[in-house]
Amino acid sequence: MSAIAIKYNDEIVDLVTAEERGIEGEAIELDNSPESLDVLRHSTAHLMAQAIKSLYPDAEFYVGPTVKEGFYYDFKTESEIGEGDLKKIEKQMLSFAKKKYKIEKYEISMEEAKEKFKDDHLKLSVMERIPSDTVSIYKQGEFEDLCRGPHLPSVGLIRYFKLTKIAGAYLGGNSKNEMLTRIYGIAFATKEALKEHMDMMREAEKRDHRKLGNEMKLFTFREEVGAGFAIWLPAGGRLRSRLESLLFKAHRKRGYEPVRGPEMLRSDLWKTSGHYQNYGENMYFTHIDELEFGVKPMNCVGHIKVYEDELHSYRDLPLKYFEYGVVHRHEMTGALHGLFRVREFTQDDAHIFCTVDQIEEQIIEVVDFVDKIMSTFGFEYKMMISTKPEKAVGDAEVWEKSEAALIAAMEAHNLAYTIDEGGGAFYGPKIDIKILDAIGREWQCGTIQLDNNLPERFELEYNGEDNEKIQPVMIHRAILGSFERFIGILTEHYAGEFPMFIAPTQVAIVPVAESHKEYAKLLSDKLIDINADSEIYAKNDSLNKRIRIAEKTRVPMIVVLGDEEIENKTVAIRDRRTREQYNLSEEEFLQLIQTKVNEVNF
RNA sequence: GCCGACAUAGCUCAGUUGGCUAGAGCAGCUGAUUUGUAAUCAGCAGGCCCGGGGUUCAAAUCCUCGUGUCGGCACCA
C-alpha cells in the first residue's frame with residue numbers, strides 16, 4: 001500500500017503539498033490510524049460536497065471539517081433536502097469515487113479566489129476569516145473547493161463511508177446568523193472498521209435510556225403533562241429511592257444537615273439574589289394576591305434562609321446543608337432530551353458555608369466524596385476548573401484567591417484537571433465533574449462552585465475571633481448533578497442491567513406450580529426484611545415463559561422454587577448472564593442477597 | 001428558539017395514487033392446561049388514527065395552526 005500523506009515535523013502534509021514544498025517525511029498509509037482517518041474523512045467531506053453540487057447545482061458551501069465522530073459539511077440550497085436524500089447523495093458519491101478523480105491542488109491569490117467564488121456568498125464569508133493573501137484550491141473532476149487540506153491523492157481511495165445525519169446548523173455557530181443544512185458522515189479505511197462502527201452505534205442505541213426506561217417501566221413522559229416533565233413509574237421509583245437513601249447516609253456521615261426550602265419564593269428574593277435579572281427568562285412565575293412568586297430554579301436561596309435563621313460564630317463553620325432539591329427551569333424545547341435534559345429535576349444539592357481559609361479542605365472533601373461515588377459505579381471522570389468569565393461580578397482579588405484555592409486543592413492532592421479559561425459562572429469559579437460512561441461518552445454531572453456573590457447580596461456574616469462581622473464563603477455543590485440525569489446515565493452505563501444494590505428489583509421468584517406460591521410469598525417477605533425487593537412470577541403461564549419474562553426484566557437474580565426446594569428449604573438460582581443454575585440453602589441465599597444489597601456505601 | 005423529520009391500540013409497528021366496517025404481534029381479560037429453567041392452546045376485548053381549524057361527494061392519508069417526540073444547531077447557573 002502506498003502513502004496517502006506524510007508526517008513532517010508533526011504536521012500532516014498531503015502528497016501534492018509535499019511535492020510542492022519539496023519536503024519528505026514519514027509516510028502515512030491509508031489505515032484506521034487517527035492521522036490517516038483525518039485525511040480520509042476530510043476528503044470524504046469534499047466528495048460529499050461534490051455529489052451535493054452535482055445533485056443540487058445551486059448549492060453553496062460553507063465549511064466541511066472532520067470532527068470526533070466523522071465529518072460534516074455545511075451548505076445551502078433552495079431545494080428541500082431530507083433524510084431520504086442521504087442515500088441518493090451516497091450513491092452519487094460512490095459513482096464519483098469509482099471515477100477515481102485525482103485530487104489536485106493549486107494556489108491563487110485571495111483576490112482571484114474571491115472572484116472565482118463570487119456567486120457563493122458562503123465561500124466568501126469563509127474567506128473573510130482567512131488572514132492570508134493566498135489560498136489553496138483543491139480540485140477533483142469538475143469540482144473545486146477552497147481548502148487548506150490535507151487530502152487524499154485520489155477520490156478512488158474512498159470506499160467505506162456512510163452519511164449518518166442531516167440537520168440544521170447556524171452559520172458560524174451563531175444563532176443570530178442564517179441556518180444552513182449540515183450533513184454528517186463517517187468514513188473508514190476498511191470495511192470491517194466501518195461495520196464495527198455501525199455496530200457500536202447500534203449498541204449505543206440499544207442502551208438509550210429513553211428506550212430502556214420505557215421497556216423497563218422506569219419512567220415516562222406524556223404529551224398532556226407537558227414537555228420535560230418526567231413521570232417516575234414504580235420500578236424507577238424503587239431504583240431512585242435506593243440511590244436516595246444511600247446518598248442520604250453518605251451525607252450524614254460527612255456532617256451535612258438535611259434542610260428544605262420552599263418550592264417557590266417571593267420574587268423580591270430572586271431580585272436580591274440576582275436570579276430575577278440573570279436567570280429570569282428560564283424561571284416559572286406566578287401571581288397570587290398581588291404578589292409575584294418565582295418557582296425555584298436553584299436551591300441556594302432556601303439554604304441562605306436556613307443560614308440566616310441564627311447568628312453564627314466562626315466556631316460553627318463549616319456549615320453544610322443539603323437537600324434533594326426539586327427545581328424547575330424552562331429549558332428551550334429543542335434542548336429537551338429524555339432524562340438528560342428536563343424542565344423539572346431533583347438535584348442532590350448542598351451548600352457549604354465556610355471561611356476563606358477552609359475553602360481548600362472543603363473542596364478536597366467534596367472531591368473525595370465525588371471519587372467515592374464515581375468509583376463505586378465504575379465511572380471514570382474528569383475534572384475541569386472554569387475561571388472568571390468576561391461577565392462577572394465581585395472584586396478581582398476575591399476571584400484570584402478563589403481560583404487559586406481550587407487549583408491549590410487539585411495540586412495538593414495530585415488530581416488531574418483541565419482549565420476552561422473564562423468558563424466560570426458569573427459569581428465565581430467552579431470545578432465541573434464530567435463522567436465517562438461505559439462506551440466512552442462524556443456527561444457533565446456534578447459541579448463545585450465557589451460563590452462570593454450571594455453572601456454579599458444577602459449580607460451573610462459570622463462572628464470572628466475578635467467579634468468582628470465576617471462574610472462567609474458559599475460553596476454550591478452537587479455530586480450526581482440531578483437524579484434524573486444521573487439515573488439516565490446509569491441506565492445507559494449498565495445497559496439496564498443494574499447491579500443488585502441499585503436495581504429496582506433484586507430477585508425474581510418463579511414458583512414452578514400453583515402449590516409453590518406460598519413458599520414464594522414467604523421468601524419474598526424475608527427478602528423485604530433484609531431490604532431487598534422481589535417480584536413473584538406466578539401467573540398462569542408456562543414455567544419457560546415466566547422465566548423468559550423474568551430474564552427480560554433484567555433483574556439481577558432469578559430463583560426457581562418447586563417441590564425439591566420446599567422439601568430441602570433451598571432455592572434454585574439461575575444466573576442471568578451465564579444461564580447456569582445452582583442451589584443454595586435458604587439461609588445462604590438470604591445471606592448472599594443481604595451482602596450484595598449492602599455491599600455498597602458511599 | 002432555529003433547520004429537518006415524525007405522531008395509528010398500553011408497547012412495537014402495517015395501512016397502496018384520498019374510497020368499503022383501520023389491521024398484526026406482544027401486553028390485557030376469560031377459559032382450558034399446573035408446568036423443573038428463554039414464548040402451551042383457544043376465545044374476547046381494546047382506536048376521537050396527537051388536538052383545533054380547513055379543502056373534498058369522501059380525510060388516518062391533502063393544507064393550516066397548535067402540542068409532543070426524534071436528529072442536529074444554538075442554549076446549559
Side-chain angles (χ1 to χ4, degrees), chain A residues 67 72 74 76 80-86 164-184 205 208 210-211 214-215 217 220-229 273-275 278-279 281-283 297-300 327 329-338 340-342 347 349 386 389 391 423-428 430 432 444 447 449 451 453-454 476 478 481 485 508 510-517 537-552 558-565 572-576 579-582:
Chain A
V67 286
Y72 67 79
D74 283 352
K76 193 179 170 164
E80 293 229 324
I81 302 190
E83 231 147 285
D85 299 309
L86 293 183
T164 51
K165 290 177 259 214
I166 181 162
Y170 292 109
L171 190 155
N174 188 330
S175 59
K176 289 192 184 74
N177 292 342
E178 64 180 309
M179 186 151 261
L180 310 175
T181 304
R182 172 177 295 181
I183 297 182
Y184 284 91
E205 227 170 90
D208 192 311
R210 292 167 299 187
K211 195 171 142 76
N214 180 33
E215 254 174 54
K217 299 267 175 215
T220 186
F221 289 92
R222 302 202 62 112
E223 181 178 346
E224 68 271 25
V225 171
F229 297 114
S273 72
H275 288 88
N278 291 300
Y279 200 66
E281 56 189 31
N282 280 311
M283 288 177 64
M298 293 169 208
N299 308 296
C300 349
V327 295
R329 300 182 185 177
H330 191 266
E331 303 287 355
M332 295 219 255
T333 48
L336 301 175
H337 181 101
F340 287 166
R341 199 78 177 273
V342 284
Q347 297 180 299
D349 203 5
S386 301
K391 191 181 142 199
F426 72 89
Y427 50 75
K430 60 175 181 173
D432 283 328
Q444 150 89 62
T447 178
Q449 307 183 353
D451 184 356
N453 177 52
L454 285 178
H476 308 251
R485 179 175 288 188
V510 186
V512 173
E514 190 85 40
S515 56
H516 312 121
K517 258 165 97 172
Y537 289 81
K539 252 188 46 182
N540 186 12
D541 276 323
S542 69
L543 180 68
N544 280 343
K545 179 154 186 185
R546 285 178 288 139
I547 284 173
R548 179 185 155 81
I549 294 167
E551 290 280 6
K552 292 194 79 160
I558 298 174
V559 305
V560 178
L561 305 176
D563 287 336
E564 280 175 44
E565 286 72 26
I573 294 177
R574 178 189 163 97
D575 190 295
R576 251 191 63 88
R579 296 190 184 181
E580 279 166 17
Q581 295 145 37
Y582 56 98

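The chains referred to below are lettered A, B, ... by the order of the sequence lines, with proteins before strands, and numbering in each begins at 1.
- Nucleotides B/G10 and B/G47 place their C1' atoms 12 Å apart, quoted to the nearest Å.
- You'll find a donor-acceptor pair under 3.5 Å spanning the side chain of A/Arg574 and the base of B/A38, going by distance alone.
- An OP1 or OP2 oxygen of B/G36 is reached within less than 4.0 angstrom by no side-chain nitrogen or oxygen of A/Lys545.
- Across all strands shown, A/Glu564 has heavy atoms under 4.0 Å from base atoms, whether or not it also approaches the sugar-phosphate.
- A/Ala572 comes within 4.0 angstrom of a base, heavy atoms only.
- Put simply, the side chain of A/Gln581 and the base of B/G36 share no donor and acceptor less than 3.5 Å apart.
- Of the C1' atoms belonging to B/C49 and B/U33, the separation is 38 Å, rounded to the nearest Å.
- Proximity of A/Lys517 to the phosphate of B/U34: no side-chain N or O atom is located under 4.0 Å from OP1 or OP2.
- Aromatic stacking of A/Tyr427 on B/A77: not satisfied for centres closer than 5.5 Å together with planes under 30 degrees.
- Screening A/Asp451, A/Thr447, A/Asn299 against A/His476 for a side-chain contact (heavy atoms from CB on, under 4.5 Å) leaves a single residue, A/Asp451.
- The side chain of A/Asn174 places no N or O atom within less than 4.0 Å of a non-bridging phosphate oxygen (OP1 or OP2) of B/C73.
- Separating the P atom of B/C20 from that of B/C65 is a span of 29 Å, rounded to the nearest Å.
- With rounding to whole Å, A/Arg548 atom CZ is found 17 Å from B/U35 atom C1'.
- Looking at heavy-atom distances under 4.0 Å, A/Glu205 makes no contact with the nucleic acid at all.
- When each of A/Ile549, A/Ile547, A/Leu543 is checked for a side-chain contact (heavy atoms from CB on, under 4.5 Å) with A/Tyr537, only A/Ile549 meets the rule.
- To the nearest 0.5 angstrom, A/Leu454 atom CG is 10.5 Å from A/Gln449 atom CD.
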Inset, instruction - Produce a footprint string for nucleotides 65-72 of chain B: one letter per nucleotide, 5' end first; B if the base is under 4.0 Å from any protein heavy atom, S if only the sugar-phosphate is, - if neither. - result: --BSSSBB
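- Inter-residue side-chain proximity for A/Lys76 and A/Met179 is flagged as unmet; no heavy-atom pair is nearer than 4.5 Å.
- In this structure, the side chain of A/Arg574 does not engage the main chain of A/Glu551 through any donor-acceptor pair within 3.5 Å.
- When each of A/Thr181 and A/Ser175 is assigned the nucleotide of RNA chain B bearing its nearest heavy atom, the one mapping closer to the 5' terminus is A/Thr181.
- Across all strands shown, A/Asn282 has no heavy atoms under 4.0 Å from either base or sugar-phosphate atoms.
- Here the separation of B/U34 from B/C41, taken at their P atoms, is 16 Å to the nearest Å.
- The nearest whole Å value for the distance from the CD1 atom in A/Ile549 to the P atom in B/A27 is 7 Å.
- The shortest heavy-atom contact between A/Tyr279 and A/Pro297 is CE2-CB, 3.5 Å.
- For A/Gln347 against A/Met298, the heavy-atom pair with the smallest separation is OE1-CA, 4.5 Å.
- Shown here for A/Ser386 and A/Asp432, the closest heavy-atom pair between the two residues is OG-OD2, 4.1 Å.
- The separation between A/Arg341 atom CZ and B/A74 atom C1' is 10 Å, rounded to whole Å.
- For A/Ser542, a side-chain nitrogen or oxygen approaches OP1 or OP2 of B/U40 to under 4.0 Å.
- Distance CG (A/Asn540) to P (B/G31): 10 Å, rounded to an integer number of Å.
- Put simply, OH on A/Tyr279 is 14 Å from P on B/C75, counting in whole angstrom units.
- Across B/U16 and B/U61, the matching C1' atoms stand 11 Å from one another, rounded to whole Å.
- Separating the P atom of B/U55 from that of B/C73 is a span of 42 Å, rounded to the nearest Å.
- Consecutive Watson-Crick or G-U pairing (both distances under 3.5 Å) extending over three or more pairs maps onto RNA chain B as B:1-7 with B:67-73, B:10-13 with B:23-26, B:28-32 with B:40-44, B:50-54 with B:62-66.
- Atom NZ of A/Lys165 is separated from atom CD1 of A/Ile183 by 13.0 Å, given to the nearest 0.5 angstrom.
- Per the geometry, NZ belonging to A/Lys539 stands 11 Å off C1' belonging to B/C26, to the nearest Å.
- At a threshold of 4.0 Å, the pair A/Lys552-A/Glu215 does not count as salt-bridged, since none of the basic side-chain nitrogens sits closer than that to a carboxylate oxygen.
- Comparing the C1' positions of B/A7 and B/G15 gives a spacing of 15 Å, expressed to the nearest Å.
- The aromatic rings of A/His337 and A/Phe340 sit parallel, their planes meeting at an angle under 30°, below the 60° perpendicular limit.
- A residue-by-residue look at A/Asn214 and A/Gly274 shows that A/Asn214 has its nearest nucleotide of RNA chain B further toward the 5' end.
- Distance noted for atom C1' between B/A24 and B/G46: 14 Å (whole Å).
- We find that A/Arg329 and A/Glu331 are not joined by a salt bridge, their nearest charged nitrogen and carboxylate oxygen being 4.0 Å or further apart.
- Regarding A/Asp541, its CG atom lies at a distance of 15 Å from the P atom of B/U34, rounded to whole Å.
- Rounded to whole Å, atom P of B/A38 lies 13 Å from atom CD of A/Glu580.
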